[in-house]
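Just below is one structure, and these are the notes that go with it.
Note that the coordinates shown come from a computational prediction; the quantities given were computed from them, not determined experimentally.
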Amino acid sequence: MASPQRRLVTVSYLSALFATLYSSLWLKSTIFTLIAAIFQGFTLVWYVLSYVPGGERGLFFMTSLFTSFLRRSTTSTVLPI
């Protein structure tokens, strides 16, 4: 957990965990809790995939594939004739 390769992932996950607890227990805000929980879910997937060989690279590949698909599908508004 404290290795130099996983330090960013660990800090991201622990800060997301703290943000979720803070927004739910002290702020009592549903919106902030939902946003923090979604961020926590993403960082948990990132944290788990950082332990799988090639998992982090695969996550970045899938993310870039998904974003390129979204960009391509939203920019072409012309119907084929």
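Here the CZ atom belonging to Phe39 is positioned 8.0 Å from the CH2 atom belonging to Trp46, to the nearest 0.5 angstrom. To the nearest 0.5 Å, the span separating OG1 on Thr43 from CD on Gln40 amounts to 6.0 Å.
Scored by the side-chain contact (heavy atoms from CB on, under 4.5 Å) test, Leu25 finds Leu21 as partners (sequence neighbours excluded).
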Output, in order, the C-alpha distance, side-chain angles, deciding distance and verdict of side-chain contact (heavy atoms from CB on, under 4.5 Å) for Phe42 and Ile38.
CA-CA 6 Å; Phe42 285 132; Ile38 290 170; 3.5 Å; yes
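Under a cut-off of 6.0 angstrom, the local environment of CD1 in Ile31 is sparse, with at most 12 non-hydrogen atoms contributed by other residues, nucleotides or ligands.
Ser15 and Ser12 get closest at one heavy-atom pair: OG-O, 2.9 Å.
Judged by distance alone, with hydrogens and angles left aside, the side-chain atoms of Ser23 form no donor-acceptor pair with the main-chain N or O of Ser29 at under 3.5 Å.
Linking ILVMFWY residues whenever their side-chain heavy atoms come closer than 4.5 Å, directly or via other members, leaves Leu27 and Ile35 in distinct clusters. A single hydrophobic cluster is seen to contain both Val45 and Leu8, as judged by linkage of ILVMFWY side chains at heavy-atom distances under 4.5 Å, directly or through other members. In the hydrophobic cluster analysis, where Ile, Leu, Val, Met, Phe, Trp and Tyr join through side-chain heavy atoms closer than 4.5 angstrom, Val11 is grouped apart from Leu14.
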